[in-house]
Novice: 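Please see the structure below; I have some questions.
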Protein chains: 2
Amino acid sequence: MDTELNKGELEVNSDLETRLTGDHHDSLRLWLRMLSCTVMVEAEIRSRLRNEFGITLPRFDLMAQLERYPDGLRMGELSKRMMVTGGNITGITDQLEQENLVVRVLDPKDRRAYSVKLTASGREAFQRMAAVHESWIAELFSGMPGKQKTHLSELLSQVKNHLNVSISKFENKSEQE
Amino acid sequence: MDTELNKGELEVNSDLETRLTGDHHDSLRLWLRMLSCTVMVEAEIRSRLRNEFGITLPRFDLMAQLERYPDGLRMGELSKRMMVTGGNITGITDQLEQENLVVRVLDPKDRRAYSVKLTASGREAFQRMAAVHESWIAELFSGMPGKQKTHLSELLSQVKNHLNVSISKFENKSEQE
DNA sequence: TATTGTTATACTCTATAACTATA
DNA sequence: TATAGTTATAGAGTATAACAATA
C-alpha cells in the first residue's frame, strides 16, 4: 500500500511560514475537535434513544428523513442521504416495516421502485421521539450562549458547502434548514 | 420513561411559533449541522482507511490514543476515551495485538491491569497512516479559508468544554443516583 | 466487597457481490 | 444494457451480563 500521496498537489499556499504543513494542521485540529464534539453527543443520544425508546440511531435517522418528505423517498434516495449502501437500507426498512412504522408503496410509473413512507403510527412515534430528542439536545448544549449557537450554525453551514465540493459523492445530499 | 415523554409533550404543545422553544431549535439546528459535517467526513475517511490501509476507524482511533501516551493506557482508560464498553476494547485490542501493532504489558503494581502500548511496528504503521490521514483531511477542508478554520476550532473547543459539563459520564465522577 | 478485565451472547450496522425484475 | 432493489455473506462494532482474578 503506497502512501505517497503527492503533498504538492494538496498543499495550497505553504510558502509563507516556516511550517510547511500549517494548513494541514489547522484542518486536522478543526476536524478532531468537530469529531470529538460529535462523538460525545452521538454516544449520549444513542444511549438515550436505546434506553428510552429501544431504537437505534440509523432507524431514527431514516424516520427523520421520511418525516421531511411526506410523499416518501425511494430506497436509492435513502441510501444516498444516509450514506450507506443499498442493502443496509433494505434491512433497516424491513425492520421498521415489521414494526408498522414505515410502509413501502409501489411506484406506479416504475415498477422496480418503491416509495418508503412513514405510516400514521410511525409519524406519531417519530414526532414523540423527536420532541424528546430535541429536548436532550437542548440540554446537552444548554451551557452555550444562544448567540454562539447561531454563529456556529452559520459557520457549519458554510463548512457543509465546502465539503459538498470536496466530497462529490454527497452532492445530492439534502440541506438541513 | 413516562417522565421523559411528558417532557416532550409539553414542548410540542407549547410550540406555537413563539420563542419559547427558540433555544431548543437553535440547539437542534447546531447539532444537525455539526452531525451532518461529521458524517460526511467520517464516511469518506472510513472508506479511505479501509481501501488504502485495511483498517477501521475504531482501530485507527485506538492507535491514535496510544500514540499520544507512550507509556500506554489501561483497558479501562481506553474504554472511557473511546466511549465504548470494556468488552469492545478487549476485542479491538485482541485484533491489533494479533497483528503485532499493540502489546499488553502487565502492570507490576496491579496484577489485574494491563497497559496497552503501541509496538515499534505499530507506531511506525500508525505514523504512516496518520500522515496520509492528515493529508486527506486537509484535502476535504481545502475549500475553507485558513482563518475560518482556526476560528471554528476555537469555537468548537468551547463547545467541547460545555459538553464536558453537560455529559458527566466523560468525567471521572463516581455517580450513584 | 469492589475493581479490572475477559468471555459469552445477541443484535445491529456495514460493504460487497450476486441476483431478480423492470426499464 | 442499465437501473432499482433484494438477498446472501462476512466482518465488525456495540451493549449487556456473567465471570475470574486481584485489590
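Here is how names work: the chains are called A, B, and so on, in the same order as the sequence lines, proteins then strands, and each is numbered from 1. Heavy-atom basis, side chains included; hydrogens, waters and symmetry copies ignored. The shown structure was predicted, so the numbers you read here are calculated from the model rather than taken from an experiment.
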Novice: So what does B:Thr85 touch, heavy atoms closer than 4.0 Å: a base, only the sugar-phosphate, or nothing?
Specialist: base
Novice: Salt bridge check, B:Arg81 against B:Asp61: does any charged N sit closer than 4.0 Å to a carboxylate O?
Specialist: no
Novice: With a sphere of 6.0 Å drawn around CD of B:Glu124, does it hold more than 12 non-hydrogen atoms of other residues, nucleotides or ligands?
Specialist: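 Incorrect, the count does not exceed 12.
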Novice: In whole Å, what is the span from the CG atom of A:Leu106 to the P atom of C:dT22?
Specialist: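 So the CG-P distance, A:Leu106 to C:dT22, works out to 10 Å.
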Novice: Once you round it to whole Å, what is the distance between P of D:dT14 and CG of A:Asn51?
Specialist: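 Going from CG in A:Asn51 over to P in D:dT14 covers 16 Å.
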Novice: As a test of reading the structure: which of C:dA23, D:dG5, D:dT16 is closest to the side chain of A:Thr90, going by heavy atoms?
Specialist: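 Taking heavy atoms from C-beta onward, the closest nucleotide is D:dG5.
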Novice: If each of A:Ile92 and B:Gly76 is mapped to the nucleotide of DNA chain C with the nearest heavy atom, which maps nearer the 5' terminus, i.e. the 5' end?
Specialist: B:Gly76
Novice: Over how many whole Å does the gap from A:Ile89 atom CD1 to D:dT6 atom P extend?
Specialist: 10 Å
Novice: With a 4.0 Å cut-off on N to O distance, would you call A:Asp107 and A:Arg74 a salt bridge?
Specialist: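 Here A:Asp107 pairs with A:Arg74 in a salt bridge, since their nearest N and O are under 4.0 Å apart.
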Novice: Can you tell me if the side-chain N/O atoms of A:Arg111 get under 4.0 Å from OP1 or OP2 in C:dT22?
Specialist: yes
Novice: Choosing from D:dA2, D:dG5, D:dA23, which nucleotide comes nearest the side chain of A:Met75?
Specialist: D:dG5
Novice: Round to a whole Å and report the spacing from CD of A:Glu77 to P of D:dG5.
Specialist: 8 Å
Novice: Is any side-chain N of the basic residue among A:Arg128 and A:Glu52 closer than 4.0 Å to the acidic one's carboxylate O?
Specialist: no
Novice: Can you see if the side chain of A:Arg59 gets near the phosphate of C:dT12 - specifically, an N or O under 4.0 Å from OP1 or OP2?
Specialist: yes
Novice: From the list C:dA23, C:dT16, D:dA23, which nucleotide is the closest neighbour of the side chain of B:Asp110?
Specialist: D:dA23
Novice: Quick one: on DNA chain C, does B:Asp94 or A:Arg112 contact a more 5' nucleotide (nearest heavy atom)?
Specialist: B:Asp94
Novice: With a 4.0 Å cut-off on N to O distance, would you call B:Lys147 and A:Asp26 a salt bridge?
Specialist: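 Salt bridge between B:Lys147 and A:Asp26, a charged N being under 4.0 Å from a carboxylate O: no.
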Novice: Does a side-chain N or O of B:Arg104 approach OP1 or OP2 of C:dT4 to a distance below 4.0 Å, or not?
Specialist: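 Checking B:Arg104 against C:dT4: no side-chain N or O falls below 4.0 Å of OP1 or OP2.
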Novice: Would you mind reading off the distance between B:Lys80 atom NZ and C:dT3 atom C1', rounded to a whole angstrom?
Specialist: 12 Å
Novice: Any carboxylate oxygen within less than 4.0 angstrom of a Lys/Arg side-chain nitrogen, looking at A:Glu139 and A:Arg48?
Specialist: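 Looking at A:Glu139 and A:Arg48, the cut-off is met.
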Novice: Return no unless some side-chain N or O of B:Arg74 is found under 4.0 Å from OP1 or OP2 of C:dG5.
Specialist: yes
Novice: How close or far is atom C1' of D:dG13 from atom CG of B:Leu57, stated in whole angstroms?
Specialist: 11 Å
Novice: So, does B:Gln95 get its side chain near the phosphate of D:dG13, meaning an N or O under 4.0 Å from OP1 or OP2?
Specialist: yes
Novice: What integer distance in Å separates A:Glu97:CD from D:dT6:P?
Specialist: 9 Å
Novice: Hey, is the side chain of B:Thr56 poking within less than 4.0 Å of OP1 or OP2 on D:dG13, counting only N and O atoms?
Specialist: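 Affirmative; the distance criterion is met.
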Novice: For D:dA12, does OP1 or OP2 lie under 4.0 Å from any side-chain N or O of A:Asn88?
Specialist: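 For A:Asn88, the contact criterion (side-chain N or O under 4.0 Å from OP1 or OP2 of D:dA12) is not met.
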Novice: Regarding B:Gly87, tell me which of base, sugar-phosphate or nothing describes its non-hydrogen contacts under 4.0 Å with the strands shown.
Specialist: base
Novice: Rounded to whole angstroms, how far apart are CE on B:Met83 and P on D:dA15?
Specialist: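 It is 11 Å, rounded to the nearest whole Å.
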